[in-house]
Amino acid sequence: HIGSWELDIETGEFHCSDELKRIWGVEGVEENRILDIMEERIHPEDTHRLDFTIQKSIRNALPYDIEYRIIDKQGNIRYMNTRSRVIKDNLGKAVRIYGICQDITDQRLREDERRLNEERLLQTQEIAHIGTYEYNVKARELWWSDELYKIFEIDKKQGISTERYL
């Protein structure tokens with residue numbers, strides 16, 4: 001889900017797509033109130049970083065790309081990615097900023113689950129004293145898990161050679 005938006009920096013006039021309204025849960029809200037509601041929904045721990053990024057973008061007339069969290073109207077945490085571009089006047093001053101906002105919650109949750117599964121695998125290998133390896137035949141590259149280094153009592157910093165261990 002990707003929504004778009006545009007802000008006139010000088011007038012404060014804000015416009016956004018219906019998809020952005022849906023992502024932020026502000027369907028049916030008067031457009032002049034949407035930005036205020038969106039600001040209220042930004043996760044408190046991300047507010048300062050997001051504000052700083054936006055102000056820096058406007059001050060330096062540069063684009064930004066930032067991930068942050070919001071708290072939706074049901075109280076759930078959602079992850080957002082916003083990217084912007086800046087339109088400058090003939091003096092190089094930012095006058096308009098526009099961009100896209102994507103709800104990346106599902107992607108972030110999958111990444112978190114993958115990381116958790118990797119941690120569980122490493123713990124399981126350590127407990128069971130089992131190691132894993134991977135060999136790329138084409139590149140002739142060998143990779144060992146930390147536990148495999150421990151099993152063979154090899155310092156990981158030394159590395160391994162395919163000739164010796166295959």
Side-chain angles (χ1 to χ4, degrees), residues 1-128 130-134 136 141 143-147:
H1 301 284
I2 300 175
S4 60
W5 54 270
E6 182 175 357
L7 174 67
D8 184 313
I9 296 167
E10 295 175 351
T11 66
E13 189 177 335
F14 179 77
H15 298 284
C16 64
S17 68
D18 289 341
E19 183 63 13
L20 188 88
K21 292 174 187 176
R22 193 197 62 70
I23 290 169
W24 283 78
V26 291
E27 305 99 321
V29 174
E30 296 172 21
E31 201 144 276
N32 63 345
R33 289 257 312 118
I34 290 175
L35 202 53
D36 293 333
I37 293 169
M38 290 172 69
E39 288 175 356
E40 292 169 6
R41 292 198 177 149
I42 296 167
H43 193 284
E45 293 175 9
D46 295 345
T47 301
H48 178 72
R49 181 174 55 87
L50 184 59
D51 286 345
F52 177 79
T53 299
I54 294 169
Q55 292 306 316
K56 182 179 174 185
S57 171
I58 292 170
R59 188 174 50 255
N60 298 319
L62 294 171
Y64 67 85
D65 182 346
I66 189 169
E67 286 186 20
Y68 55 95
R69 296 164 293 175
I70 67 168
I71 301 170
D72 67 19
K73 59 186 175 184
Q74 288 83 27
N76 301 310
I77 293 179
R78 310 285 304 166
Y79 294 88
M80 301 291 160
N81 175 255
T82 296
R83 297 176 186 181
S84 78
R85 295 289 179 258
V86 176
I87 298 173
K88 306 173 198 176
D89 64 13
N90 57 357
L91 300 174
K93 178 184 170 192
V95 291
R96 293 183 88 71
I97 188 167
Y98 66 96
I100 60 169
C101 179
Q102 182 177 13
D103 183 341
I104 59 170
T105 303
D106 293 341
Q107 174 187 339
R108 282 295 301 268
L109 294 176
R110 282 191 307 270
E111 288 172 5
D112 291 347
E113 182 67 24
R114 182 189 52 79
R115 265 191 295 278
L116 182 59
N117 287 336
E118 285 177 2
E119 289 173 16
R120 289 175 179 151
L121 174 63
L122 292 173
Q123 289 172 346
T124 302
Q125 287 181 351
E126 188 174 357
I127 291 167
I130 297 171
T132 57
Y133 71 93
E134 188 176 304
N136 181 327
E141 294 175 343
W143 172 88
W144 279 13
S145 66
D146 290 346
E147 192 61 26

Below 4.5 Å, heavy atoms only, C-beta onward: do [X] and [Y] meet side chain to side chain?
X: Lys21; Y: Val29; result: no
X: Leu116; Y: Glu119; result: yes
X: Asn76; Y: Thr105; result: no
X: Glu39; Y: Asp36; result: yes
X: Cys16; Y: Trp24; result: no

Practice task
Would you sort out whether Gln102 and Arg83 count as a side-chain contact (heavy atoms from CB on, under 4.5 Å), showing the intermediate values?
Solution key: CA-CA 9 Å; Gln102 182 177 13; Arg83 297 176 186 181; 5.6 Å; no
Problem - Side chain Thr53, main chain Arg49, donor-acceptor under 3.5 Å - result: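 Yes; at least one donor-acceptor contact below 3.5 Å.
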Practice task
May I ask you to decide if Ser4's main-chain N or O and Ser17's side chain share a donor-acceptor pair within less than 3.5 Å?
Solution key: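 Answer holds: yes.
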Exercise for the section: Check the angle between the aromatic planes of Trp5 and Phe14 and answer parallel, tilted or perpendicular using the 30° and 60° thresholds. Expected result: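 Ring orientation, 0 to 90° scale: parallel.
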Exercise for the section: Go through the steps to decide whether Ile77 and His43 satisfy the test side-chain contact (heavy atoms from CB on, under 4.5 Å), and finish with yes or no. Expected result: CA-CA 8 Å; Ile77 293 179; His43 193 284; 4.0 Å; yes
Exercise for the section: Check Cys101 against Leu20 and note the closest heavy-atom contact, atom names and distance. Expected result: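 In terms of heavy atoms, the two residues are closest at CB-CD1, 3.3 Å.
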Problem - Steps toward side-chain contact (heavy atoms from CB on, under 4.5 Å) verdict (Asn81, Asp65) - result: CA-CA 7 Å; Asn81 175 255; Asp65 182 346; 2.9 Å; yes
Handout entry: Pair Glu118 + Arg114, salt bridge at N-O below 4.0 Å
Key =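 Salt bridge present between Glu118 and Arg114.
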Problem - NZ/NE/NH1/NH2 to OD/OE distance under 4.0 Å, Glu19 and Arg22 - result: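 Salt bridge: yes.
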Exercise for the section: Would you indicate whether Gln74, at its atom CD, is surrounded by more than 12 heavy atoms from other residues, nucleotides or ligands within a distance under 6.0 Å? Expected result: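 Above 12, so yes.
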Practice task
Inspect the surroundings of CZ in Arg85 and state if more than 12 heavy atoms from other residues, nucleotides or ligands are less than 6.0 Å away.
Solution key: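 Open.
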For residues 90-98, dump all side-chain donor-acceptor pairs below 3.5 Å to protein atoms at least two apart in sequence or in another chain.
unit_1 : atom_1 : unit_2 : atom_2 : d
Arg96  : NE     : Glu6   : OE2    : 2.5
Arg96  : NH1    : Asp8   : OD2    : 2.8
Arg96  : NH2    : Glu6   : OE2    : 2.7

Problem - Pairs touching residues 98-111 that satisfy salt bridge (charged side-chain N to carboxylate O under 4.0 Å, His left out), sequence neighbours left out - result: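 Pairs touching residues 98-111 that pass the test: Glu67-Arg108, Arg78-Asp103.
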Exercise for the section: Would you please test Leu50 and Thr82 for side-chain contact (heavy atoms from CB on, under 4.5 Å) and show each step? Expected result: CA-CA 10 Å; Leu50 184 59; Thr82 296; 5.8 Å; no
